[in-house]
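Please read the structure below before turning to the comments.
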Amino acid sequence: MLIAKVTGVVVASQKNKHLEGYRLLIVQPLDRDGKPTGDSMMAVDPAYAGYGETVLIIDEGNSARQVFNNPEIPVRTFVAGVIDRVDLE
Amino acid sequence: MLIAKVTGVVVASQKNKHLEGYRLLIVQPLDRDGKPTGDSMMAVDPAYAGYGETVLIIDEGNSARQVFNNPEIPVRTFVAGVIDRVDLE
Amino acid sequence: MLIAKVTGVVVASQKNKHLEGYRLLIVQPLDRDGKPTGDSMMAVDPAYAGYGETVLIIDEGNSARQVFNNPEIPVRTFVAGVIDRVDLE
Amino acid sequence: MLIAKVTGVVVASQKNKHLEGYRLLIVQPLDRDGKPTGDSMMAVDPAYAGYGETVLIIDEGNSARQVFNNPEIPVRTFVAGVIDRVDLE
Amino acid sequence: MLIAKVTGVVVASQKNKHLEGYRLLIVQPLDRDGKPTGDSMMAVDPAYAGYGETVLIIDEGNSARQVFNNPEIPVRTFVAGVIDRVDLE
């Protein structure tokens, strides 16, 4: 589970049938201070997050299959929420 | 499985329904000498750990589903205990 | 889930029987700007992607078993689509 | 699967009930020449390995649940054997 | 899935019973040009690969359980084939 910022949208007209109709985002992982860290990744977005929003990313296939309520969906990384703020110690 | 220190709390008002009611922490992985190593991560906390406490983190979805006793919960990383001390060789 | 470019084909005459008949590609992960990032990896290709094409890679075993409709196939990484373009913020 | 050396023991009085009674070790991954590589990690030890011993570590939850013969145990990393020696080419 | 070269054999007289009788190799991951990249890892070898051979490695537990036809085997990384050559673009 990690914090990331939405930075792009992927357009793929030819993809696996179970992925049809789903929005694919490019997200940039952030550290606890909100600074970019590591490489961007792709995530399926059932939460309709907008450009620049900070989101909660989960990277586990079985979790994805629960969230999409589809045991056949080939998804490992998805947006599980929109983050309001992070309170540091 | 890794050792980490609790350094922050994530506030996310809009999230997957299975995550509602759960506390989301920011934790900083530590090396065996207790020094920070690598990037911070997010973890669900059923153990009610406090700021600055050293915790045992497990990062595996099926383990999470057992601990939360919920086969539908989309969680991969969670707090599995509070660490008292580490005895080195 | 990540974006990658097809850069090579692997020829393996002696392999696990469940992998017989499948095309094995070498793919180079790309960052959001289309630049190479990290090491190349191997992916099974049911999408018949060509050299130089930009593809959507999924790296999770259970997703692979759904896509190949074969609960016994030993595959973790595969091509799930061909990417047309990435719209950045 | 990796080779590691036992370098410490974790004392955690408050932990998930399925982990009660299990020994938690700190292990340092080694390269093929026996030199430390990467960060230390924690592993559950059903093999009763001693300080300084070289062990075989497996890092996969379903394997752990087989080895501990407990479908509910939240473990991903464990000691699967003690290594006598490595024969290099 | 990755390409690697066999560089060593692990001798472990005391190991989990499900691993008894299996050969454990040290393999060095290679990049697409055949140069070493990253750390060595251990892999179970049902393919009887020899020293110096280039092999196809799969690193996923459920795939391993299919290939070894044993739902209880604690294996995550194994040799799935021997690679003849890589054709680059």
Side-chain angles (χ1 to χ4, degrees), chain C residues 2 4-30 36-46 49-55 57-80, chain E residues 1-6 22-23 25 27-41 43-50 52-89:
Chain C
L2 51 101
K5 190 177 179 177
V6 179
T7 63
V9 175
V10 176
V11 180
S13 53
Q14 177 194 339
K15 59 190 167 188
N16 177 269
K17 66 181 179 183
H18 289 291
L19 290 174
E20 281 171 15
Y22 285 107
R23 206 169 159 227
L24 292 173
L25 299 180
I26 302 279
V27 299
Q28 168 64 55
L30 303 177
T37 181
D39 285 331
S40 293
M41 55 176 72
M42 244 191 307
V44 178
D45 176 28
Y51 277 110
E53 276 195 303
T54 301
V55 292
I57 298 289
I58 294 179
D59 185 36
E60 200 240 357
N62 290 327
S63 293
R65 285 181 278 278
Q66 294 296 346
V67 164
F68 290 96
N69 197 21
N70 177 353
E72 298 190 14
I73 198 168
V75 170
R76 177 174 153 172
T77 315
F78 62 99
V79 176
Chain E
M1 302 173 77
L2 52 102
I3 299 176
K5 190 177 179 178
V6 179
Y22 285 106
R23 206 170 158 228
L25 299 180
V27 298
Q28 167 64 56
L30 303 178
D31 67 15
R32 59 167 229 165
D33 299 310
K35 288 179 194 144
T37 180
D39 284 332
S40 293
M41 56 176 73
V44 178
D45 176 29
Y48 296 95
E53 276 195 303
T54 302
V55 292
L56 165 60
I57 297 290
I58 293 180
D59 184 36
E60 200 239 357
N62 290 327
S63 294
R65 286 180 277 278
Q66 294 297 345
V67 164
F68 290 95
N69 196 23
N70 177 352
E72 298 190 15
I73 198 168
V75 170
R76 177 175 153 172
T77 316
F78 62 99
V79 177
V82 176
I83 292 175
D84 302 314
R85 69 173 197 277
V86 175
D87 293 335
L88 298 181
E89 190 182 3

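All values reported here derive from a predicted model rather than from experimental measurement. Throughout, protein chains are lettered first and strands after them, A, B, ... in sequence-line order, and every chain is numbered starting at 1.
Counting heavy-atom pairs closer than 4.5 Å to chain C, the top residue among Ala64(E), Ser63(E), Gly81(E) is Ser63(E). In terms of heavy-atom pairs under 4.5 angstrom with chain E, the leader among Val9(C), Thr77(C), Asn16(C), Val6(C) is Val9(C). Of the listed residues Asp39(C), Leu19(C), Thr7(C), the one with more heavy-atom pairs under 4.5 angstrom with chain E than any other is Thr7(C).
Using a 4.5 Å cut-off between heavy atoms, Ile73(C) contacts chain E through its backbone alone, with no side-chain atom that close. If you measure heavy-atom distances from Val75(C) to chain E, the contacts under 4.5 Å come from both the backbone and the side chain. In this structure, no portion of Asn69(E) lies under 4.5 Å from any heavy atom of chain C. Within the 4.5 angstrom heavy-atom criterion, atoms from both the backbone and the side chain of Ser13(C) approach chain E. Both the backbone and the side chain of Asn62(E) come within less than 4.5 Å of a heavy atom in chain C.
Here the shortest heavy-atom pairing between Arg76(C) and Asp59(E) reads NH1-O, 2.5 Å. Pairing each heavy atom of Ala12(C) with each of Ile83(E), the nearest pair is CB-CA, 4.1 Å. Residues Gly61(C) and Glu60(E) come closest through the heavy atom pair CA-OE2, 3.2 Å. Among all heavy-atom pairs drawn from Ile58(E) and Pro74(C), the shortest one is CD1-O, 2.8 Å. Gln14(C) and Ala47(E) get closest at one heavy-atom pair: NE2-O, 3.8 Å.
A donor-acceptor contact shorter than 3.5 Å links the side chain of Gln66(E) to the backbone of Pro71(C).
The environment of CZ in Arg23(E) is crowded: more than 12 heavy-atom neighbours from other residues, nucleotides or ligands sit within 6.0 Å.
Between Leu25(C) atom CG and Met1(E) atom CE the span is 10.0 Å, to the nearest 0.5 Å. In this structure, Leu56(E) CG and Lys15(C) NZ are separated by 8.0 Å, a value rounded to the nearest 0.5 Å.
With Ile26(C) as reference, Val86(E) is the one residue of Val86(E), Asp33(E), Asp31(E) to meet the side-chain contact (heavy atoms from CB on, under 4.5 Å) rule.
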